[in-house]
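Single-structure report; data block below.
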Protein chains: 2
Amino acid sequence: MRKTGEQRREEIVQAVIHLAAENDGGQITAQAIAERVGIAQPTVFRHFKTRDRILQAVIEWIARHLLGVVGSVAAGSGPADERLRQLLEQQLRFISKHRGLPRLLFSERLHQENTQLKGAVSRIMDAYTNTVAGLLREGIDDGVFRADLDADDTARLILAMIQGLVMRWSIHEFHFELPNEAETMWRLLEPALLNR
Amino acid sequence: MRKTGEQRREEIVQAVIHLAAENDGGQITAQAIAERVGIAQPTVFRHFKTRDRILQAVIEWIARHLLGVVGSVAAGSGPADERLRQLLEQQLRFISKHRGLPRLLFSERLHQENTQLKGAVSRIMDAYTNTVAGLLREGIDDGVFRADLDADDTARLILAMIQGLVMRWSIHEFHFELPNEAETMWRLLEPALLNR
DNA sequence: ATAGTAAGCAAGTAGTTACTCACTTATGAC
DNA sequence: GTCATAAGTGAGTAACTACTTGCTTACTAT
């Protein structure tokens with residue numbers, strides 16, 4: 001009876017995220033989680049009834065933090081194009097500090113194992129898209145972005161680019177600096193988005 | 001002794017691709033493969049020594065066909081921008097006919113289980129990027145595409161966009177027409193790539 | 001002090017997995 | 001015809017999985 005349940009639950013969530021970041025083929029099993037947290041395997045199930053509940057808590061953690069970054073940058077001040085650029089960079093910077101995130105969010109394994117999680121991921125992606133689309137609409141109204149942009153389509157494509165980029169980073173075992181890619185992305189996006 | 005080994009191996013590869021396309025949570029196990037092919041489970045291992053060998057053969061099949069599409073369109077005639085547009089559409093059309101492909105190529109499950117496969121996926125992505133980059137360079141030389149484009153960076157981002165798009169399609173359980181998205185993509189890409 | 005509560009554990013269970021073994025049977029070459 | 005070869009099978013097995021059970025121990029409120 002060393003720590004409270006809440007502390008342990010947080011530790012377990014963090015353990016899963018760290019395990020996902022390790023590419024040594026280690027699976028995210030109750031045993032592996034327990035070893036990482038420093039408790040016995042059955043104790044894991046004292047804090048979460050089932051493995052699915054653990055993954056659910058992990059997705060919630062990711063959603064909270066990932067959308068937190070996006071939201072705070074998008075809601076900032078300054079011209080829309082500058083905020084979008086900041087959003088890209090801050091997002092990539094955050095992900096690069098939490099290597100487990102893409103492997104958890106985009107692993108089909110997880111989705112196959114738990115259909116509920118697929119819905120949760122969908123909802124995160126939708127919220128993300130909506131935030132970016134709102135930022136694009138602001139920019140269109142202000143005359144910064146091209147008037148003929150479809151805000152939703154464009155937001156979805158920007159998200160797709162980030163996803164694909166992060167996946168390449170993950171497949172290449174994090175061997176390049178993810179935040180640097182924000183500038184590369186912006187070089188492609190700028191002439192596509194900006195008015196004139 | 002109904003069929004030859006080669007026939008059975010091809011059937012097994014196809015079974016895996018079809019199993020991956022099913023979103024009912026079914027796993028790609030030797031048992032599931034055997035049932036689909038219509039043989040006993042141990043017979044699967046008569047044709048492939050291990051499960052990894054099966055997945056390797058599957059990745060090879062995917063590489064051959066996926067890169068076949070890209071290569072034939074890229075090597076065609078006509079202006080580079082038209083060929084790139086065609087490439088996007090044909091690529092998405094091909095993937096939409098083989099729903100299992102993204103779930104196999106991008107599933108972390110596969111990568112965690114077998115590091116060799118990760119390399120194979122990397123190689124497919126590199127070959128893909130090189131083909132697109134070549135097409136971009138042609139267009140730049142012909143004055144169709146902007147001269148200040150970095151062909152490699154741009155090719156990687158286009159691939160990333162396709163990957164992210166296909167992933168959204170997969171997460172949304174194939175509920176939208178993938179090939180239609182080629183036009184949406186092109187609307188964003190055109191002003192970013194074309195000269196003037 | 002003590003009683004209730006909640007965290008902890010050792011040992012076990014049932015299910016699933018990839019893979020093996022000993023054996024049978026179909027097919028094609030001669 | 002026969003015989004080597006290779007496809008096929010039923011019946012395992014060892015390893016791993018999520019999860020349970022019964023019991024112990026630490027902390028807290030009174």
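We name chains A, B, ... by the order of the sequence lines, and we start the count at 1 in each one.
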Side-chain donor-acceptor distances from residues 139-155 of chain A under 3.5 Å, at least two apart:
from	atom 1	to	atom 2	distance (Å)
A/R146	NE	A/D148	OD1	3.1
A/R146	NH2	A/D148	OD1	3.2
A/R146	NH2	A/D148	OD2	2.6
A/D150	OD1	A/D152	N	3.0
A/D150	OD1	A/D153	N	2.9
A/D152	OD1	A/R137	NH2	3.2
A/D152	OD2	A/R137	NH2	3.1
A/D153	OD1	A/R156	NH2	3.1
A/T154	OG1	A/D150	O	2.7

Among residues at least two apart in sequence or on other chains, which ones pass side chain to side chain donor-acceptor pair (under 3.5 Å) with [X]?
X: B/R36; answer: B/E22
X: A/E35; answer: A/Q31
X: A/Q41; answer: none

Review point. Between A/R46 and C/dA7, is there a side-chain N or O to OP1/OP2 distance below 4.0 Å?
Key: no
Review point. Can you find a side chain N or O atom of A/H47 that sits less than 4.0 Å from OP1 or OP2 on C/dG8?
Key: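 Answer yes for this pair, as a side-chain N or O of A/H47 is under 4.0 Å from OP1 or OP2.
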Residue [X], side-chain atoms from C-beta onward, closest of [options]:
X: A/F45; options: D/dG8, C/dA18, D/dA18; answer: D/dA18
X: A/T29; options: D/dT17, C/dC9, C/dC19; answer: D/dT17
X: A/T43; options: D/dC19, D/dG8, C/dC9; answer: C/dC9

Check your understanding: Quick one: do B/E60 and B/R64 make a salt bridge, cutoff under 4.0 Å?
Key ->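 B/R64 and B/E60: not salt-bridged.
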Check your understanding: Do any pairs count as a salt bridge (Lys or Arg N to Asp or Glu O under 4.0 Å) and have a residue in residues 75-85 of chain A, sequence neighbours left out, and if so which ones?
Key ->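 Qualifying pairs: A/R83-A/E138.
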Point to revise | Nearest-angstrom distance from the residue atom CD of A/Q31 to C1' of C/dA10 | key: 13 Å
Shorter than 3.5 Å, N or O on both sides, protein versus nucleotides 12-14 of chain D: list them out with atom names.
none

